[in-house]
Number of protein chains: 2
Amino acid sequence: MKNKTERIQKIKEIISSIKIESQGQLLDILLEEGYDLTQATLSRDLKRMRIAKVGDGCGGYSYILPGQNVAKTLNTSHSSSVPASNWFVSIDFSGQFCVIKTRPGYAGGIALDIDAKEADQIMGTIAGDDTILVILRGGVRKKELIDILRDIIPIIDK
Amino acid sequence: MKNKTERIQKIKEIISSIKIESQGQLLDILLEEGYDLTQATLSRDLKRMRIAKVGDGCGGYSYILPGQNVAKTLNTSHSSSVPASNWFVSIDFSGQFCVIKTRPGYAGGIALDIDAKEADQIMGTIAGDDTILVILRGGVRKKELIDILRDIIPIIDK
DNA sequence: TATTATATTGGATATATATGCAAGAAAATA
DNA sequence: TATTTTCTTGCATATATATCCAATATAATA
């Protein structure tokens, strides 16, 4: 029996630093790091640690620590969901605005990518540290923008 | 094909009002309410809604809405986890204090239950709306208190 | 230290959850 | 309205996750 306390700590570290999509993936990492355990134990650990599995908004899943709160992706309720990736946190539409939230520090870079598209439908973008405001021309539909963003914001609900 | 928007709304309502432990349980409720769907669809809904499944701290699981944040149950890190139930949210120990968080409105009632124990190890309790402060006598160990609370706070990590 | 109670874990497996595929709606467009 | 494209869903099933049981270790106590 190895050291549980240490393992628990390591799990926290891993989950807070990289995106984990399944217990299997996390297990592999732990094994590589020299921890010796099975999926059964990992499942128990996650349960006790109250670590949750949640849709990442991008067609995949992600494990999150308690306390970290998940943004509601899309308030335009109905219709299907929308993009996300690794830096992606959420996207919302309202009138001729689109607000994209990113992990801290990414907003500027992503905004540049969006600008590079030089899409007519986009009047402009303004980016802070973790938020991008995309201003659309009047009459542009949500779906149009999604199409434009499709290769910046990876997959859409696979 | 029924109305998706309405169903999504209903799911939110249910999850925010009662404790859901599995998709199966939620599915049953929806079916009873007249919604017509399968587990496959529900799984997709939850994924898109970013609703997460997380250990309830009591040996079971609970589905939570995005935004609701999960309290870390137990900061005394190491050692195993601790209790929880239906009103239960979290428990923390520090020195001769124990703080129990509950769902809103429950603190008073639970505190009465604790008082009713008339345990020597407990100097007294103070309850707000969703938080109970339990003051222990010096030298009382965490485990002792857990034993006392055992039948108020259901199972311990089954 | 011996004894008893409590925790931790893996293996195997049950259970729960996710998804590929195809079919039937709904919406957009011609 | 006819046609094309996009959604939504169920079914069957793959995949992922949780848990029973038994073994072993650890801690508590005598």
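Proteins come first, then strands; the chains are lettered A, B, ... in the order of their sequence lines, and each starts at number 1.
Taking atom CG of residue B:Leu42 and atom P of nucleotide D:dT9, one finds them 11 Å apart after rounding to whole Å. The CD1-P distance, from B:Ile51 to C:dT17, rounds to 13 Å in whole Å. A straight line from OH of A:Tyr35 to C1' of C:dT8 spans 17 Å, rounded to a whole angstrom. Going from atom CG of B:Leu46 over to atom C1' of C:dT19 covers 15 Å, rounded to whole Å. When the C1' atom of D:dT17 is taken as reference, atom CG of A:Leu27 falls 12 Å away, rounded to whole Å. D:dT8 atom P lies 13 Å from atom CD1 of B:Ile11, rounded to whole Å. Rounded to whole Å, the distance from CD on A:Gln25 to C1' on D:dT17 is 15 Å. The interatomic distance linking B:Asp45 (CG) with D:dT9 (P) rounds to 7 Å, in whole Å.
Applying the side-chain hydrogen bond (donor to acceptor under 3.5 Å, both in side chains) criterion to A:Gln9, with sequence neighbours excluded, gives no partner residue. The side-chain contact (heavy atoms from CB on, under 4.5 Å) check on A:Ile8 picks up A:Lys4, A:Asp45, A:Met49, with sequence neighbours excluded. Residues forming a salt bridge (Lys or Arg N to Asp or Glu O under 4.0 Å) with A:Glu21 (at least two apart in sequence, or on another chain): none. Residues satisfying the side-chain contact (heavy atoms from CB on, under 4.5 Å) criterion with B:Glu33, sequence neighbours excluded, are B:Lys10, B:Ile29, B:Tyr35. Judged as a side-chain contact (heavy atoms from CB on, under 4.5 Å), and not counting sequence neighbours, the contacts of B:Thr125 are B:Ala111, B:Ile114, B:Asp115, B:Ile122, B:Ile132, B:Val134. Every side-chain contact (heavy atoms from CB on, under 4.5 Å) that B:Gln121 has, sequence neighbours left out, goes to B:Ala119, B:Val140, B:Glu144, B:Ile148. With sequence neighbours left out, A:Glu6 forms a salt bridge (Lys or Arg N to Asp or Glu O under 4.0 Å) with no residue at all.
Between A:Arg7 and the phosphate of C:dT8, there is no side-chain N or O to OP1/OP2 separation shorter than 4.0 Å. In terms of phosphate contacts, A:Lys47 brings a side-chain nitrogen or oxygen within less than 4.0 Å of OP1 or OP2 of D:dT19. Using a 4.0 Å cut-off, no side-chain N or O of A:Lys4 falls inside it from OP1 or OP2 of D:dT26. In this model, the phosphate group of D:dT17 is not approached by any side-chain N or O of A:Tyr61 to a distance below 4.0 Å at OP1 or OP2.
Residue B:Leu37 is classed as a sugar-phosphate contact, given heavy-atom separations below 4.0 Å to backbone atoms only. Counting any heavy atom pair closer than 4.0 Å across all strands shown, A:Ser43 reaches a base atom.
To the nearest 0.5 Å, atom CD1 of residue B:Ile11 and atom CZ of residue B:Arg48 are 10.5 Å apart.
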Just the table, please: protein N/O against nucleotides 11-16 of chain D N/O, every pair under 3.5 Å.
unit_1	atom_1	unit_2	atom_2	d
D:dA16	O3'	A:Lys53	NZ	3.4

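With A:Arg50 contributing its side chain and A:Leu65 its backbone, the two residues share no donor-acceptor pair below 3.5 Å.
An end-to-end axis angle of 50° holds for the helix from C:dT1-D:dA30 to C:dA30-D:dT1, taken from five base pairs per end and rounded to 10°.
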